[in-house]
Number of protein chains: 2
Amino acid sequence: MNTVHTLVDNRPSIPCDTVRDPQSWEALLSAPRTKTMRVTQHSVIYYEGDPADRIYQVVDGAVMLFKLLPDGRRQVVGLLGPGDLFGLPAGEDQDSAAETLVPSVLKAIERRDVEGSAVFQAHINGCLLRQIAGLRDHSVLLGRKSAFERVASFLMYLVPGRGLGEACAGRPDGDDDEAVVRITMTRQEIADYLGLTIETVSRIISDMKRKGFLAADRHDRLRIVDVCALCRKSGSH
Amino acid sequence: MNTVHTLVDNRPSIPCDTVRDPQSWEALLSAPRTKTMRVTQHSVIYYEGDPADRIYQVVDGAVMLFKLLPDGRRQVVGLLGPGDLFGLPAGEDQDSAAETLVPSVLKAIERRDVEGSAVFQAHINGCLLRQIAGLRDHSVLLGRKSAFERVASFLMYLVPGRGLGEACAGRPDGDDDEAVVRITMTRQEIADYLGLTIETVSRIISDMKRKGFLAADRHDRLRIVDVCALCRKSGSH
DNA sequence: CGCCCACTTGAGGAGTATCAAGCTTCGTGG
DNA sequence: CCACGAAGCTTGATACTCCTCAAGTGGGCG
C-alpha cells in the first residue's frame with residue numbers, strides 16, 4: 001500500500017513524441033513495455049493467487065473472471081469486453097482467475113508503469129467504478145432473482161446497446177422489437193455466471209422458447225422475439 | 001425520497017491551516033468544505049438515483065449499501081466500516097442507497113474537491129479495489145454457497161481481525177478458539193445481505209446453537225464456541 | 001403490567017439441484 | 001462422403017433445500 005506519488009506536472013500541450021512517461025492512456029498502450037497478446041479461446045491469462053505484476057486491457061474479444069471454492073464450485077465474477085481493465089487486485093496477488101471466452105487481443109501493461117500517474121489513476125478509476133456498478137447489479141441477480149429472471153437478465157445483457165440499465169428504455173414497445181444474440185459462452189459458463197446449474201439454464205431456455213420469448217436460430221445463436229417483453233420478465237423493470 | 005441529514009459541522013480538532021489544495025487525504029478530511037455528520041441508527045444518507053455530488057467516508061460506525069427491485073425485493077450490496085468510502089458511482093447518480101446500521105460519524109467531501117487530484121485518486125483507488133475484492137467474494141457466497149455456509153461466512157466476517165481471508169489462518173486450532181460477536185444488524189438486514197429470508201437466517205442460527213457451534217449470550221450477541229470449526233463450515237476453507 | 005415489535009418455530013409447498021438417460025453437433029478418420 | 005466417437009446440450013424423474021404462510025414466543029418500553 002505504499003503508493004509512490006509521482007506528481008506528474010501536466011502542462012496543456014503534450015506534443016509528446018515517444019515520451020519516457022506517456023501522458024495519456026492511449027500513449028501508454030503503445031509504450032515499449034506494454035505487450036500486445038493474441039490469445040485463443042479458453043486461454044487462462046492468470047490464476048487466482050498468481051502475482052499481479054501486470055494489468056490487462058481487453059482490446060478485442062471477451063474475458064471471464066472467476067473464483068473457485070476448495071471443493072470445485074465455481075462462480076464467474078465478471079465478464080469483460082473491449083476497453084475493460086482487469087488484473088489489478090487490492091493486494092499483491094490476483095484475487096480471481098481470468099480466462100478468455102473467445103479468441104482475444106489483450107494489452108499487458110506493467111503495473112509499475114501505471115502506479116503513481118494521475119492520468120492513469122483517473123482512467124483506472126472510471127473502469128473500477130463501472131465494475132463496481134456491474135458487481136452490485138450482479139449481487140442483486142444472485143441474491144434476489146429467480147432462475148427465469150437471471151437468464152432473462154443475462155440475455156438482455158447480450159443485446160447490443162441495451163446493457164442492463166437502458167434495457168427497456170430504448171425503443172417504443174411497438175412490434176418488431178427483435179434481436180439476435182450470439183452465445184459465445186458454454187452452458188456451464190453461463191450457469192457459473194448466474195449461480196445456477198447447467199440443467200436449469202438449459203431448461204429455462206427451452207421454456208422461453210416454448211413460451212414464445214425466444215426462437216432458435218442455431219445452437220449458439222438465439223433470436224429474442226420481443227426484447228421488451230423479455231426485459232419485463234427480468235425482474236429489473 | 002429526501003431525508004433530512006443533520007449536518008453537524010464540528011470544528012474542534014485540527015488547527016487546519018486552511019489549505020486551498022490539501023496535499024494529503026487527511027488534510028482533505030479537515031478541509032473547509034468537508035463536513036462532519038453525526039447520524040443516528042437507520043439514517044438514510046442517500047437513495048438510489050440521488051445526484052452524487054458528495055462522497056462519504058465512514059469515520060466511526062457502520063453503513064449498509066443496498067439496491068431494491070421494483071417489486072420491493074432488497075439486496076444489501078455492501079457493508080462499510082471506519083475508513084471505507086462510499087457515494088462515488090460510475091455516473092452522475094447514486095447506483096445504490098446508503099443507510100447507517102448504527103449511530104455513525106461520517107465525513108462528507110465535495111466530489112469536485114477530489115476529482116483531478118492525483119493523491120486523492122490514488123487513495124480512492126485503493127478503497128475501490130478493496131470493495132471490488134469484497135464484492136467478488138460476496139458473489140461467490142450468493143451464487144454458490146448454501147444457507148448454512150452463508151451464515152457461517154457472515155459470522156466469520158464479524159469476528160474481529162478475521163475478515164474473510166485470514167479467517168482460519170490466525171491461531172493454532174487448539175482449544176479455546178472462542179469469539180464473541182455483536183450483531184448490530186436486524187435479521188432482515190442479515191437476510192437481505194445473504195440473499196436469504198429472515199426465517200431461514202433464524203433457523204440456521206438456531207441450528208448452529210443446537211449443533212454446538214454457537215452459544216447465546218444475549219439477543220444481539222453471539223458466542224462462537226470454536227471459530228475454526230465454524231470457519232471450516234463456511235465453504236471457503 | 002401489557003403492548004408491540006422483532007425474532008423463533010412449524011407445516012407445507014415451490015423451485016432448483018441431482019442423478020440418469022437420450023439427443024445434437026462437430027471433428028476425425030476410414 | 002459417411003461412420004463413428006466425444007463433448008456439449010436437452011429432457012426426465014426424483015430429492016432436497018429454502019421459501020411462504022401462519023402461529024407462537026420473548027424482550028424492551030411506555
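Naming convention: chains lettered A, B, ... in sequence-line order (proteins, then strands); numbering from 1 in each chain. Remember, it's a predicted structure, so these values are computed and weren't measured experimentally.
Within 6.0 Å of the NZ atom in A/Lys107, the count of heavy atoms belonging to other residues, nucleotides or ligands exceeds 12. The local environment of CZ in A/Arg111 is crowded, with over 12 non-hydrogen atoms from other residues, nucleotides or ligands closer than 6.0 Å.
B/Leu214 pairs in a side-chain contact (heavy atoms from CB on, under 4.5 Å) with only one of the listed residues (B/Val151, B/Leu155, B/Val225), which is B/Leu155.
Between A/Asp137 and B/Lys67 there is a salt bridge, since at least one side-chain N of the basic residue sits less than 4.0 Å from a carboxylate O of the acidic one. With respect to the salt-bridge test (charged N to carboxylate O, under 4.0 angstrom), the residues B/Glu149 and A/Arg73 qualify. Using a cut-off of 4.0 Å between Lys/Arg side-chain N and Asp/Glu carboxylate O, B/Asp207 and B/Arg203 are scored as not salt-bridged.
Where the helix from C/dC1-D/dG30 to C/dG30-D/dC1 starts and where it ends, the local axes point in directions that differ by 30°; five pairs per end, rounded to 10°.
To the nearest 0.5 angstrom, A/Glu199 atom CD is 12.0 Å from A/Arg187 atom CZ. In this structure, CG on A/Leu79 lies 12.0 Å from CZ on A/Phe66, to the nearest 0.5 angstrom.
Heavy atoms of B/Ile198 sit nowhere under 4.0 angstrom from any nucleic acid atom. Counting non-hydrogen atoms under 4.0 angstrom, B/Leu196 reaches the backbone sugars and phosphates but no base. Using a 4.0 Å heavy-atom distance criterion, A/Ser202 is classed as a base contact.
Dashed line: the shortest gap from a side-chain N or O of A/Ser146 to OP1 or OP2 of C/dG15 is not under 4.0 Å.
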Tabulate atom names and distances for all N/O pairs under 3.5 angstrom spanning the protein and nucleotides 18-24 of chain C.
unit_1	atom_1	unit_2	atom_2	d
C/dT18	O4	A/Arg203	NH2	2.8
C/dC19	N4	A/Glu199	OE2	3.0

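Using a 4.5 Å cut-off on side-chain heavy atoms (C-beta onward), A/Arg144 and B/Arg74 make no contact.
Heavy-atom nearest nucleotides on DNA chain D were determined for A/Lys209 and for A/Arg144, and the one closer to the 5' end corresponds to A/Lys209.
Atom pair A/Ile183:CD1 and C/dT25:C1' shows a separation of 17 Å (rounding to whole Å applied). In this structure, A/Glu149 places its CD atom 9 Å from P of C/dT16, rounding to the nearest Å. Regarding B/Leu214, its CG atom lies at a distance of 11 Å from the P atom of C/dT8, rounded to whole Å. Summarising the geometry, the separation between CZ on A/Arg221 and P on C/dC26 is reported as 12 Å, rounded to the nearest angstrom. A/Lys145 places its NZ atom 18 Å from the C1' atom of C/dT16, with the value rounded to the nearest Å. To the nearest angstrom, C1' of C/dT8 lies 11 Å from CD1 of B/Ile205.
With hydrogens and angles ignored, the 3.5 Å screen pairs no side-chain donor or acceptor of A/His138 with any backbone N or O of A/Gly78.
Annotation for B/Val58 and B/Gly81: closest pair CB-O, 3.3 Å, computed over non-hydrogen atoms.
Of all nucleotides in DNA chain D having an atom under 4.0 Å from a heavy atom of chain B, the first and last in 5' to 3' order are D/dC18 to D/dC21.
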